[in-house]
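A short worksheet on the structure shown next.
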Amino acid sequence: MKRLVYFALALVLAGACKQGSLMKPTTKRVVLTGIDGSRKPGDDFFTYANGIWYDTARILPSQTGVGSYSFMNYPQRLRLQGILDSVSAGTNPAGSIEQKVGDFYASGMDLAAINKRGYDPIKPVLARIDALTDVASLLTLVTDEQKTGNGSIIGFSVGPDNKQSSINIAQFSQTGIGLPERDYYFKADSSTRTIQKAYKNYLASLFQLTGTEATVAQKNAAVAFDIEKQLATAHRSNIGLRDVKANYNKLAVASLASRYPTLQWTTLLSHLGLQVDSINVRQPAYYDKLDSLLNAVAIQDWKVYVKARTLNNYSTFLSQPFVDASFAYAKILTGQAVKQTRAEEMTQSVDRSLGQALAQLYVKKYFPENAKKRMTVLVENLEKAFEARINKLDWMSDSTKTKAKEKLAAFTEKIGYPDKWRDYSKVTVKRDAYFENRLSVIKNEYLYNLAKVGQPVDRTEWHTTPPTVTAYNNPPLNEIVFPAGILQSPYFDLYADDALNYGGIGMVIGHEITHSFDDQGAQFDKVGNVTNWWTKADYAKFKAKTQQVIDQYNRFVVLDSVHVKGALTVGENTADIAGVAIAYDAFKLTEQGKDTTKLDGFTPDQRFFISVARIWRVKTRDEFLRMYVNTNPHSPAKWRVNGPLMNFTPFYNAFNVQPGDKMYKPEQERITVW
């Protein structure tokens, strides 16, 4: 979610009233402008509320989109860049967070030094690949490189055991491909063919940059692509990856040797540093395929493949020609016209590498301390509204309602930033060693995660950096998280009336609460274990309702013949539909929500719904949007507005939506899940 924003949340909430009102403006207020009165609200509410902005908004050449939601992270990066410019120019105590983030940033900004090294930093890895002689040596290299972020055929991670969510387990997932997801290898439409060609050209360019003759480089790219395509045949689709139970396959290590004789799991796990008796193989079919390919594909071809993965993984750590080659491919994939500035690239790198160190500097400058307390009150109001909706459900039995309310009551809410910051004391950062700095961070992250295996889950841990404009629900921990980055306009505003704030951050809170009760979240109990807390009849009714969501969103057209993927986006769509309803219910408890006094010519209810539309004010490049529909579990912005609202009767009442309007649905066809 994106937008330039003020971070005065502490002041913002200064007038909060006891009934859940966010604030009472004193001197100024947000004035609604830009509404396209020539359009009927009931035909296309997204365009009614955002059309004037949309028609005039310009996407910067270095960006793939503009507006709110994730695109607000662009102005956020400018803030972070300002911090980094400042600390990198100063003299900071050795080992301090200022020294580490400042020197990391400075090392990446020293293009002269980086370009002088060319691809020297990875020559030892490439030489080691050239020396491979058999599958055993290949697997040793693969596991060693996994520790420095050079992943290829093994997808290792650590997370809560879905059947015992208080303990972390080693997890192995499908991997091994370079295109966004499996279907990109098999579709034959012109858009996908263009992307396939660009990807092969990219791989060939990487080989040429290491001195390989052009014809050989193209052959190498074809070999690597062919192996990736064979691996992709065993990949689950993004829709299949949503199946919680299918992606949990806890296997005893002792049993792996018979199923995967070539992978040599005992040795492989030992090389990774794992001493465990069981692991979760999330997609066993992938490892079945990999095990057979290790014998079927010649070692010479595996060497080409691993070299291609290595060059791709490290391309943005190296000299400018490698960075340029990476961007040439990204340009075709996303439509981004020009590269980001080096400063923006490095700001992102610091955020991803030393994110909680940089976040401490960000929070001190932009996030008021009492904001966390104020947001806690708002979250509590939305939770109360959700509980009231549970009580009123006519399709759920009392026994399941009791379980649902127990789960709701067990929520953990994280707001603003962590109570405990990450320790980066083991990360070595030097001002003149960018590549080594990157590897030091990656190695530290690997060891950090490795140490979790078999240990109790740290329920204080955050999985995003606080400046990021996002929010998330984590079902295994039964938690909802709202970083400092999202607590700004258009989601939350200093001078906004309750209608705008409840339609903004209130809708986001309702959305995240609902994720604990969407098609995936509903399979986790109050402590985060995958267990059945439903009656059989209630769960059947719930599945029928989510199927209605899938069917409805499948009909929404994004571009020409491209439709929303209902099965991929069902969780987010369910959360959007319920999120609006929960936020509206909470809004109706406030003084303004009970009133009918107009502001700027709009009733309180109308302002609430306009705010819902404003928080999804997004414009993207068509190329990016095509990739987004194929890979992202969220619907495009327009359908995050129109989809929920066409199912919500108070919206019809607020804007007098009538039969014949394009968004109109008969009341019996309006979907209510929660």
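Side-chain atoms are counted along with the backbone in the values below, which use heavy atoms only and exclude waters and symmetry mates.
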What's the shortest heavy-atom distance between [X] and [Y], and which atoms?
X	Y	answer
S173	Y287	O-OH, 2.7 Å
G155	T175	N-CG2, 3.5 Å
N50	R614	OD1-CA, 3.9 Å
A234	A285	CB-O, 3.5 Å

Out of curiosity, [X] [atom1] to [Y] [atom2], how far, rounded to the nearest 0.5 Å?
X	Y	atom1	atom2	answer
D525	N532	CG	CG	10.0 Å
F411	E383	CZ	CD	6.5 Å
T400	L393	OG1	CG	10.5 Å
T546	N573	OG1	CG	11.0 Å
D43	Y48	CG	OH	12.0 Å
N168	N449	CG	CG	8.5 Å

Electrostatic pair [X]-[Y], nearest N-O below 4.0 angstrom:
X	Y	result
D243	R282	no
K401	D538	no
R309	E228	yes
R242	D519	yes
K662	D44	no
K414	E479	yes

Is [X] atom [atom1] crowded by more than 12 heavy atoms from other residues, nucleotides or ligands, each under 6.0 Å away?
X	atom1	value
K197	NZ	no
K545	NZ	yes
K403	NZ	no

Practice prompt. Flag this pair as yes if the NZ/CZ of K638 is under 6.0 angstrom from the six-membered ring centre of F46 and inside a 45 degree cone about the axis; otherwise no.
Written response: no
Worksheet item: Is it true that the NZ or CZ of R621 lies under 6.0 Å from the centre of Y628's six-membered ring and within 45 degrees of the ring axis?
Response: no
Worksheet item: In terms of the angle between their ring planes, are Y539 and F542 parallel, tilted or perpendicular, with boundaries placed at 30° and 60°?
Response: tilted
Compute the centroid of each ring, for [X] and then for [Y], and state whether the two points are separated by less than 6.0 Å.
X	Y	result
F386	F517	yes
Y553	W639	no
Y584	F609	yes
Y472	W462	no
F172	Y286	no

Discussion item. Apply side chain to side chain donor-acceptor pair (under 3.5 Å) to residues Q520 and H515 and explain how you reach the verdict.
Written reply: CA-CA 8 Å; Q520 291 181 312; H515 271 313; over 6 Å; no
Discussion item. Assess the residue pair K392 and D585 against the criterion (salt bridge (Lys or Arg N to Asp or Glu O under 4.0 Å)); give the C-alpha distance rounded to whole Å, side-chain angles, the decisive distance to 0.1 Å, and a yes or no.
Written reply: CA-CA 12 Å; K392 295 176 183 177; D585 287 355; 5.7 Å; no
Discussion item. Less than 3.5 Å apart, any donor N or O on the side chain of T649 or R670 sitting next to an acceptor on the other?
Written reply: yes
Practice prompt. Could you give me the CA-CA distance, side-chain angles and deciding distance for Y199 and Y184, then say whether ring pair (Phe, Tyr, Trp, His ring centres under 6.0 Å) is met?
Written response: CA-CA 11 Å; Y199 179 58; Y184 278 82; over 10 Å; no
Worksheet item: What residue among N280, N249, D161 forms side chain to side chain donor-acceptor pair (under 3.5 Å) with Q171?
Response: N280
Practice prompt. Walk me through it: do D288 and R259 pass the test salt bridge (Lys or Arg N to Asp or Glu O under 4.0 Å)?
Written response: CA-CA 8 Å; D288 290 337; R259 178 164 181 171; 3.1 Å; yes
